[in-house]
Colleague: 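Sharing a structure with you now.
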Protein chains: 2
Amino acid sequence: QSSNVPKLGTCITCHGRDGIGTSPVFPNLAGQKSLYMVQQLELFRSGARKSEMMNVVAKSLTDAEIEALAAYYEGLDPGK
Amino acid sequence: QSSNVPKLGTCITCHGRDGIGTSPVFPNLAGQKSLYMVQQLELFRSGARKSEMMNVVAKSLTDAEIEALAAYYEGLDPGK
């Protein structure tokens, strides 16, 4: 199913395809609340939440892509 | 062990004693990377990351309390 998620390739470098951060500074997203992730991606996109990496990445995302990415990560098992 | 963690009582209203957010807008913290949580609490404390709730809460935290809270939440099982 992950192949249907737009722009997932950009996310997985840091947050993993399995939603586990690939280094200690990258948060895990597996099983995270999708509404929280949508809100944060909107804040990154607008620049209200600052992150050199995430501000650039989020700027390219549409509302629909944000919803799809948040749903994908919420659907992963955080305990695997 | 949670009784030894300073100011945990402030956190659990939204993030749960078990690290699972108590509403869809509150992120899960169970098993989250402690370094990420330390960085974000420092950003909330300085005001660089904006949140009406978290800016007030983080302002009261010392560096040692931030470390202890991050370690507590990282140590919880996200899959329970």
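It should be emphasised that the depicted structure is a prediction, and the values quoted were computed from it without experimental measurement. Values below: all heavy atoms of this structure, side chains included; hydrogens, waters and symmetry mates excluded. Each chain gets a letter, A, B and so on, in the order the sequences are listed, and its residues count up from 1.
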Colleague: Highest number of heavy-atom pairs under 4.5 Å with chain A: which of B:Pro27, B:Pro78, B:Gly21?
Modeller: B:Pro27
Colleague: In terms of heavy-atom proximity below 4.5 Å to chain B, should A:Gln32 be classed as side chain, backbone, both, or neither?
Modeller: both
Colleague: Hydrophobic clusters here meaning ILVMFWY residues chained together by side-chain heavy-atom distances under 4.5 Å, can you tell me if B:Leu43 and A:Met37 are in one?
Modeller: no
Colleague: Kindly determine whether A:Arg49 and B:Lys50 satisfy side chain to side chain contact (heavy atoms under 4.5 Å, CB included), including the steps that lead there.
Modeller: CA-CA 7 Å; A:Arg49 183 176 173 186; B:Lys50 308 289 186 196; over 6 Å; no
Colleague: With a 4.5 angstrom heavy-atom cut-off, which part of A:Ser23 approaches chain B: side chain, backbone, both or neither?
Modeller: backbone
Colleague: Looking only at heavy atoms and a cut-off of under 4.5 Å, which of B:Pro24, B:Gly79, B:Ala30 has the most pairs with chain A?
Modeller: B:Pro24
Colleague: Are B:Leu41 and B:Ile12 grouped together when hydrophobic residues (ILVMFWY) are joined by side-chain heavy atoms under 4.5 angstrom apart?
Modeller: yes
Colleague: Find out if a path of hydrophobic residues (ILVMFWY) with successive side-chain heavy-atom gaps under 4.5 Å connects B:Val38 to B:Leu61.
Modeller: yes
Colleague: Cluster question for you: counting only ILVMFWY and a side-chain heavy-atom cut-off of under 4.5 Å, with indirect links fine, are A:Met54 and A:Leu8 together?
Modeller: yes
Colleague: Looking only at atom types and distance, does a side-chain atom of B:Lys33 sit under 3.5 Å from a main-chain N or O of A:Asn28, one as donor and one as acceptor?
Modeller: no
Colleague: Hydrophobic cluster membership, with links at side-chain heavy-atom distances under 4.5 Å among I/L/V/M/F/W/Y: are A:Leu35 and B:Ile20 in one?
Modeller: no
